[in-house]
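Order of the sequence lines sets the chain letters (A, B, ...), proteins ahead of strands, with each chain counted from 1.
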Amino acid sequence: MSDRNTDTPNDFIRAIVREDLTSNKNRGRVHTRFPPEPNGYLHIGHAKSINLNYGLAREFGGKFNLRFDDTNPTKEEQEYVDSIMADVRWLGADWEDRLLFASDYFGRLYEWATYLIRDGKAYVDDLSAEEIRQYRGTLTEPGQDSPYRNRSVEENLDLFERMKKGEFPDGSRVLRAKIDMASPNINLRDPVMYRILHATHHRTGDEWCIYPMYDWAHGQSDAIEGITHSICTLEFENNRPLYNWFLENVDVPHYPRQIEFARLQLTYTVLSKRYLQRLVKEGYVNGWDDPRMPTIAGLRRRGYTSEAIRSFCEAIGVAKANSTVELAMLEHAIRDDLNMSAPRAMAVLDPLKVVIENYPAGQVEEMVLANHPQQPEMGTRLVPFSREIYIERDDFMENPPNKFFRLAPGREVRLNQAYYLTCTGMVKDEQGQVVELRCTYDPDSRGGTTPDGRKVKGTIHWLPVAQSVEAEIRLYDTLFTKPNPGDVGEGEDFTANINPDSLMVVRGRVEPAIASAPAGSRYQFMRQGYFCVDPDSQPGRPVFNRTVTLRDSYKPAP
RNA sequence: UGAGGUGUCGCCAAGUGGCUAAGGCAUCGGACUUUGAAUCCGACAUUCGUAGGUUCGAAUCCUACCACCUCAGCCA
């Protein structure tokens, strides 16, 4: 494991927390939360936030809440809360007994809203959505007061209660905070606190027909839960004054502090819920857990470990500058983890048959192969060796360039942990394609060394023809062809950059020893990459997902 | 162009006035190698958006400018 994992993360948020601790700001408490809206699956960007929030709680002896920000019943579903819980848990964040929902606070929020009305700080507005927009002004011009802004407290109270009772149709009225229509910060121009929505909520059912807006619900929920550091992304910076206004104008039990950090952006991928939603709904991928998706579910199915995701999150850091992390960083994290933990195996993706002419027909030797070259404690396994074997088509060239270390006519290579092999001839089909190789082996090279100590430059992988097992192997490439999928021409959107070759399905062969491995098992297929058994596997017909290729420093001669 | 933010190596990112501007990823050399993997060694910002200023001394302080991001949902 790399040493960065043992380093204590250091960033501006941890600096703030440390200061608060030394000044005893929250009586030494640290309490964070992860507040997803259950309207989609979690992705790698959420993992950054979860890792930050949970990491903070763990490092400073604090607590971490999982709170669903479920204030918009028209977009939220139980399926999403289930998947989010599973993903947060898989990532290793523990909310203990604090599984919470903003909808649990609807009653309290309602009471606080009536308090604001009584205090002359909120009013019911009859303007339409369109009118409200017009009255709001623009970025450079102040807004105008709504004609309903100065209703009496009694009328406001009555109207608000009737809104709650469901007497008015959707969109007919809203409750607004009375702040300042001329504020240079548009969020403060009498923001909407409640809208009427005759919709069934996934938890509260039809109990409510008014629902609080994010700005109103979020800070108050933080206050109720005793959150000390309410961490969100940069786009909420402009909302912070409003977050604070709501806390200052009702009698809250606690004052949380909102801190914003830059959300994750990754090359060759999109990380907006709306785009991910489209990829799923429009069939560009096969569901939220498609291994090409940057969702937690997709990464998991692809073969990523939560440990790798965690170490990636630590490697990228936390800051306020917008930035785009190279995909190579994520790939490094999973290679780094799997290099240590994944047992090695051999698989041939594109088989080329080899007949070893001096090997006795009918003879089978059980070769003993190490499961990990650097970790003998990972044990060994048996792979049968016989007269007919498969090698990778790529590992043979009829006319190789001089730096090609693999098999070619007259050249000798080592079959991984088996024998030295020399190519003596080729069999071609009518099209001139090589369909079979004729070779000889050196009986004195068993295990991969010879008494004369001669060197071979190349070692290739192999599989016995009879005992190897056919497998479906899914080779993934990036879902987009450009580092920035949003880099499109006029009238195009990100789908124009979808990579038509992001999934290549291949019928290859694997060792008998791994043919029935359970879904989720991870291996390094030697010289090729890390692979993971997919849940689509059937007994005797395994399906493997390529998690990531191995690094490859081989460069064909110019 | 109102307000709020951000600008340190190809990509992340430390650095909060004083040794030669951390570290990771990537890249490029070389060693080792029964994975062209891993591992190991080495190279990789006289310069911190730009221009001025303060100071014995500035990426760090001041001034001006430039670039980029966010905000005009009854989304979050």
Side-chain angles (χ1 to χ4, degrees), chain A residues 2-4 7 10-11 15 35-37 39 69 71-72 74-75 125 127-130 132-134 136-143 170-176 183-189 191-197 210-211 213-215 217-218 232-241 260 262 267 273-274 312 314-333 335-336 339-340 344 346 369-370 372-374 403-406 414-418 420 447-449 456-461 483 524-529 549-555:
Chain A
S2 46
D3 35 331
R4 98 173 88 83
D7 288 344
N10 182 36
D11 52 65
E37 182 189 14
N39 69 342
D69 229 329
T71 57
N72 186 351
T74 64
K75 292 188 174 174
D125 196 344
L127 252 28
S128 69
E130 171 65 13
I132 285 180
R133 193 175 64 75
Q134 283 163 0
R136 188 153 32 223
T138 68
L139 294 177
T140 52
E141 301 162 87
D170 288 5
S172 59
R173 287 178 229 261
V174 292
L175 183 75
R176 293 229 251 170
S183 172
N185 181 339
I186 290 186
N187 290 297
L188 262 17
R189 318 240 264 230
V192 172
M193 294 173 65
Y194 278 95
R195 73 284 215 188
I196 299 170
L197 245 32
I210 55 172
Y211 289 91
M213 299 290 290
Y214 166 85
D215 289 297
H218 200 89
C232 62
T233 45
L234 252 30
E235 65 271 26
F236 292 101
E237 271 178 321
N238 299 322
N239 299 51
R240 193 183 340 126
E260 310 85 13
T267 56
K273 271 193 195 173
R274 213 176 75 74
F312 168 73
E314 275 165 32
I316 60 176
V318 175
K320 293 198 72 166
N322 275 313
S323 60
T324 303
V325 174
E326 289 179 344
L327 222 214
M329 281 255 211
L330 218 211
E331 295 185 334
H332 168 78
R335 286 191 187 109
D336 192 42
N339 176 45
M340 298 304 289
R344 261 104 259 228
M346 295 191 291
L369 305 217
H372 191 113
Q374 283 86 30
K403 281 283 188 122
F404 187 78
F405 303 153
R406 287 113 89 160
R414 173 165 39 231
L415 294 172
N416 179 42
Q417 299 178 80
Y420 283 11
T449 52
V456 290
K457 190 69 182 162
T459 299
I460 65 175
H461 56 278
Q524 185 202 90
F525 288 170
M526 294 187 83
R527 308 205 302 131
Q528 312 203 96
T549 60
L550 249 34
R551 286 184 50 157
D552 182 10
S553 62
Y554 172 62
K555 292 179 286 293

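To the nearest angstrom, P of B/rG36 lies 5 Å from CZ of A/Arg527. Spacing between atom CD1 of A/Ile132 and atom C1' of B/rC75 amounts to 15 Å, rounded to whole angstrom units. Summarising the geometry, the separation between NZ on A/Lys75 and P on B/rC74 is reported as 12 Å, rounded to the nearest angstrom. One can place CD of A/Glu260 at 10 Å from P of B/rU6, the figure rounded to the nearest angstrom. Counting to the nearest Å, the P atom of B/rC75 and the CG atom of A/Asn187 are 14 Å from each other. Between the P atom of B/rG7 and the CG atom of A/Asn322 lies a distance of 10 Å, rounded to the nearest Å. Between the P atom of B/rA13 and the CD1 atom of A/Ile316 lies a distance of 8 Å, rounded to the nearest Å. Look at OH on A/Tyr211: it is 12 Å from P on B/rA76, rounded to the nearest Å.
One C1' atom belongs to B/rC65, the other to B/rG24, and the distance between them is 34 Å to the nearest Å. Separation of the P atoms belonging to B/rA26 and B/rG18 is 33 Å when rounded to the nearest angstrom. For the C1' atom pair drawn from B/rA58 and B/rU63, the interatomic distance equals 15 Å after rounding to whole Å. Comparing B/rC66 with B/rA51, their C1' atoms are spaced 10 Å from each other, to the whole Å. Going from the C1' atom of B/rC19 to that of B/rA64 covers 33 Å, rounded to whole Å. Comparing B/rC61 with B/rA45, their C1' atoms sit 23 Å apart, to the nearest whole Å. Between B/rG49 and B/rC68, the distance separating the two C1' atoms is 10 Å to the nearest Å. For the P atom pair drawn from B/rC40 and B/rG4, the interatomic distance equals 49 Å after rounding to whole Å.
A close approach under 4.0 Å does occur between a side-chain nitrogen or oxygen of A/Ser553 and OP1 or OP2 of B/rA37. A/His461 has no side-chain polar atom (N or O) that falls below the 4.0 Å cut-off from OP1 or OP2 of B/rU35. Contact annotation: A/Thr71 side-chain N/O to B/rA76 OP1/OP2 distance is under 4.0 Å. Here A/Arg136 reaches the OP1 or OP2 of B/rG73: one of its side-chain N or O atoms lies under 4.0 Å away. A/Arg414 has no side-chain polar atom (N or O) that falls below the 4.0 Å cut-off from OP1 or OP2 of B/rU33.
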Any N/O pairs under 3.5 Å between the protein and nucleotides 38-42 of chain B? List them or say none.
from, atom 1, to, atom 2, distance (Å)
B/rA38, O2', A/Asn339, ND2, 2.8

Protein-nucleic acid N or O pairs under 3.5 Å, nucleotides 8-11 of chain B:
from, atom 1, to, atom 2, distance (Å)
B/rG10, N2, A/Glu326, OE1, 3.0
B/rC11, O4', A/Glu326, OE2, 2.9
B/rC11, O3', A/Thr324, O, 3.2
B/rC11, O2', A/Thr324, O, 3.0
B/rC11, O2', A/Glu326, N, 3.4

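The shortest heavy-atom contact between A/Glu37 and A/Asn72 is OE2-CB, 3.9 Å. Of all the heavy atoms in A/Asn416 and A/His461, the pair that sits closest is CB-CA, 4.4 Å.
Applying the side chain to side chain contact (heavy atoms under 4.5 Å, CB included) test to A/Glu130 and every residue at least two apart in sequence or in another chain returns A/Ser128, A/Arg133, A/Gln134. With sequence neighbours excluded, the residues satisfying ring-ring contact (aromatic ring centres under 6.0 Å, His included) with A/His218 are A/Tyr214. In this structure A/Arg406 satisfies the salt bridge (Lys or Arg N to Asp or Glu O under 4.0 Å) test together with A/Asp395, sequence neighbours excluded. Applying the ring-ring contact (aromatic ring centres under 6.0 Å, His included) test to A/Phe404 and every residue at least two apart in sequence or in another chain returns nothing. For the side chain to side chain contact (heavy atoms under 4.5 Å, CB included) test, residues two or more places apart in sequence or in another chain that qualify with A/Leu550 are A/Gln524, A/Tyr530. A search for side chain to side chain contact (heavy atoms under 4.5 Å, CB included) contacts involving A/Arg414 returns A/Tyr420, A/Val456, A/Thr459, not counting sequence neighbours. A/Val325 meets the side chain to side chain contact (heavy atoms under 4.5 Å, CB included) test with A/Leu264, A/Leu266, A/Phe312, A/Ile316, A/Met329; sequence neighbours excluded.
In this structure, the side chain of A/Ser183 engages the main chain of A/Asn185 through a donor-acceptor pair within 3.5 Å.
Checked against B/rA76, B/rA14, B/rA37, the side chain of A/Arg344 finds its nearest nucleotide in B/rA37. When distances run from any side-chain atom of A/Gln524 to the nucleotides B/rU35, B/rA72, B/rA26, the shortest one goes to B/rU35. With B/rA72, B/rG5, B/rC75 as the choices, the nucleotide that has an atom nearest any side-chain atom of A/Leu139 turns out to be B/rA72. Checking B/rG5, B/rG15, B/rU33 against the side-chain heavy atoms of A/Asn10 singles out B/rG15 as nearest.
Within 4.0 Å of A/Asn72, counting heavy atoms only, lie sugar-phosphate atoms of the nucleic acid but no base atom. Here A/Glu37 lies in heavy-atom contact (under 4.0 Å) with sugar-phosphate atoms only. If you check every strand for non-hydrogen atoms under 4.0 Å, A/Val456 touches nothing. Residue contacts shown for A/Pro36 are absent, as no nucleic acid heavy atom lies under 4.0 Å away. Looking at heavy-atom distances under 4.0 Å, A/Tyr420 makes no contact with the nucleic acid at all.
One side chain, A/Asn239 or A/Asp215, offers a donor N or O that lies under 3.5 Å from an acceptor on the other.
Base orientation of B/rG4: anti (glycosidic angle beyond 90° from 0).
Under 3.5 Å, the side chain of A/Asn238 and the base of B/rU70 form at least one donor-acceptor pair of N or O atoms.
With the nearest nucleotide of RNA chain B identified for both A/Asn185 and A/Leu415, A/Asn185 has the one nearer the 5' end. Nearest-nucleotide assignment on RNA chain B puts the 5′-proximal partner with A/His372, out of A/Val174 and A/His372.
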Go through the steps for A/Lys320 and A/Glu237 under the test salt bridge (charged side-chain N to carboxylate O under 4.0 Å, His left out), then give the verdict.
CA-CA 11 Å; A/Lys320 293 198 72 166; A/Glu237 271 178 321; 2.6 Å; yes
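Using the Watson-Crick or G-U wobble rule with both distances under 3.5 Å, B/rA43 pairs with B/rU27.
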